[in-house]
Number of protein chains: 2
Amino acid sequence: MMKIVIDNVGEYLKSHNIKPSYQRIRIFEYLINTTSHPTVDEIYKVLISEIPTLSKTTVYNTLNLFVENEIAKLLTIEENEARYDANTGIHGHFKCDGCGEVMDFDFDFTKLGVSELDGFQVKQQDVFFRGMCKSCSGKTKN
Amino acid sequence: MMKIVIDNVGEYLKSHNIKPSYQRIRIFEYLINTTSHPTVDEIYKVLISEIPTLSKTTVYNTLNLFVENEIAKLLTIEENEARYDANTGIHGHFKCDGCGEVMDFDFDFTKLGVSELDGFQVKQQDVFFRGMCKSCSGKTKN
DNA sequence: GTATCTGCAAAACATTTGCAATTCT
DNA sequence: AGAATTGCAAATGTTTTGCAGATAC
């Protein structure tokens, strides 16, 4: 699905009222360059090797800042661990119980036919499915 | 939306391979008699006044048992706090940022038109929207 | 030079685990 | 009595907070 392309991360952060510190730029770059919807711990472990002074607190602070300023979305794919996505456009997530992969998919909410929500202002949509992807179907659990 | 009506909770638990202890019956009864999709803490605080010896561990154990035996669903409405729903049928949740209420709605996944998932076995569907409900729209935040 | 940002250590939560006491049949 | 359940206390893991030092403009 959609890959996010941002030519100048520093300017992008500025345009969203975030001062582009070195840590913030690196964390955001990691977010747009990975498709894995990483956890705080994953981001920290990858970046600590390149930024030896990085602390987990900064990763937490930075991701909270991104979410507040709406350049990242907090995903509730797994309970007990927050995952983040720099793709803030409307899309769903599917997690395969076979291979564990989380993939994005497009959906069109207007087609849902949800009459209960007539007249409601829907501002945020989280759609998360899980099951078996095509290549894992038929295989035994791996 | 749908209210769950179960005439004999003990028998219902038995039919799902759960021994109907007093605590389990009371916790399940609370779950089907409330529409608030309660947290562990809410359940505990309500029931401790009626079952003075109740422990939070038992509430956790019991809810995990319910989820394993598929008579309750774990909701990811709020990150950092698990919420539970005894309605295991497919439906979505809408949380109003105005009044804070969580309401159920029906949706028809087959109408989504998600071609990416063709050939996938979708076993679980979590659909969570948030925004402003009709009566809160137009009001200032309350 | 002053605001802000960073990062350590400690605190605050939610949840799980080990185990002894209790309960049920 | 024997097996399962309960509940306390401690452990675990994630996230937040307080604050001192570092950094940036």
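None of the values given here were measured: they were computed from a predicted structure. Each chain gets a letter, A, B and so on, in the order the sequences are listed, and its residues count up from 1. Side chains included, hydrogens not; waters and symmetry mates left out as well; all remaining heavy atoms used.
Taking atom OH of residue B:Tyr22 and atom P of nucleotide C:dT23, one finds them 14 Å apart after rounding to whole Å. For the pair B:Leu13 CG and C:dC24 P, the computed distance is 16 Å after rounding to whole Å. Atom pair B:Asn17:CG and D:dT5:C1' shows a separation of 17 Å (rounding to whole Å applied). Atom-to-atom, CG of B:Leu63 to P of D:dT6 comes out at 12 Å; the value is rounded to the nearest Å. Spacing between atom NZ of A:Lys14 and atom C1' of D:dC25 amounts to 11 Å, rounded to whole angstrom units. Atom CG in B:Leu65 sits roughly 12 Å away from atom C1' in D:dA4 (whole-Å rounding). Between the C1' atom of D:dT15 and the CZ atom of A:Arg83 lies a distance of 16 Å, rounded to the nearest Å. Going from atom CG of A:Leu74 over to atom C1' of D:dT15 covers 12 Å, rounded to whole Å.
Separation of atoms CD1 (A:Ile90) and CG (A:Asp106) is listed at 10.5 Å; rounding is to 0.5 Å. Distance check, rounded to the nearest 0.5 Å: SG of A:Cys133 to CD of B:Gln121 gives 10.0 Å. One distance of note links CG of A:Leu31 with CD1 of A:Ile43; it measures 5.5 Å at 0.5 Å rounding. The distance from the CG atom of A:Asp97 to the CD atom of B:Gln124 is 8.0 Å, given to the nearest 0.5 Å.
Residues B:Glu101 and B:Thr35 fail the side-chain proximity criterion, which asks for heavy atoms closer than 4.5 Å. B:Thr88 has its side chain out of reach of B:Glu70: every pair of non-hydrogen atoms, C-beta onward, lies at least 4.5 Å apart. Between B:Asp7 and B:Tyr12, the closest side-chain pair of non-hydrogen atoms is not below 4.5 Å.
Taking only side-chain atoms of A:Ala82, from C-beta outward, the nucleotide of D:dT15, D:dT5, D:dG7 with the closest atom is D:dT15.
In terms of phosphate contacts, A:Gln23 brings no side-chain nitrogen or oxygen within less than 4.0 Å of OP1 or OP2 of D:dT23. Residue B:Ser21 places at least one side-chain N or O under 4.0 Å from the OP1 or OP2 atom of D:dT6.
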Under 3.5 Å, which N/O atoms of the protein pair with N/O atoms of nucleotides 16-19 of chain C?
from, atom 1, to, atom 2, distance (Å)
C:dT16, OP2, B:Asn64, ND2, 3.3

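Listed in residue order, the members of residues 36-50 of chain B having a heavy atom less than 4.0 Å from DNA chain D come to none.
For the side chain to side chain contact (heavy atoms under 4.5 Å, CB included) with A:Ile18, the lone residue among A:Ile25, A:Thr62, A:Asn69 that qualifies is A:Asn69.
Residue-to-nucleotide proximity on DNA chain D shows that, of B:Lys19 and B:Ile51, the 5′-proximal contact is made by B:Lys19.
A centroid separation of less than 6.0 Å is found between the aromatic rings of B:Phe66 and B:Phe28.
Figure legend. D:dT14 is base-paired to C:dA12; pairs are counted as Watson-Crick or G-U wobble with both atom distances under 3.5 Å. Base pairing analysis places D:dT23 opposite nothing; no Watson-Crick or G-U wobble pair with both distances below 3.5 Å involves it.
Applying the 90° criterion around 0 to the glycosidic angle, D:dA3 comes out anti.
The aromatic rings of A:His37 and A:His93 lie perpendicular to each other, with more than 60° between the two planes, well past the 30° mark.
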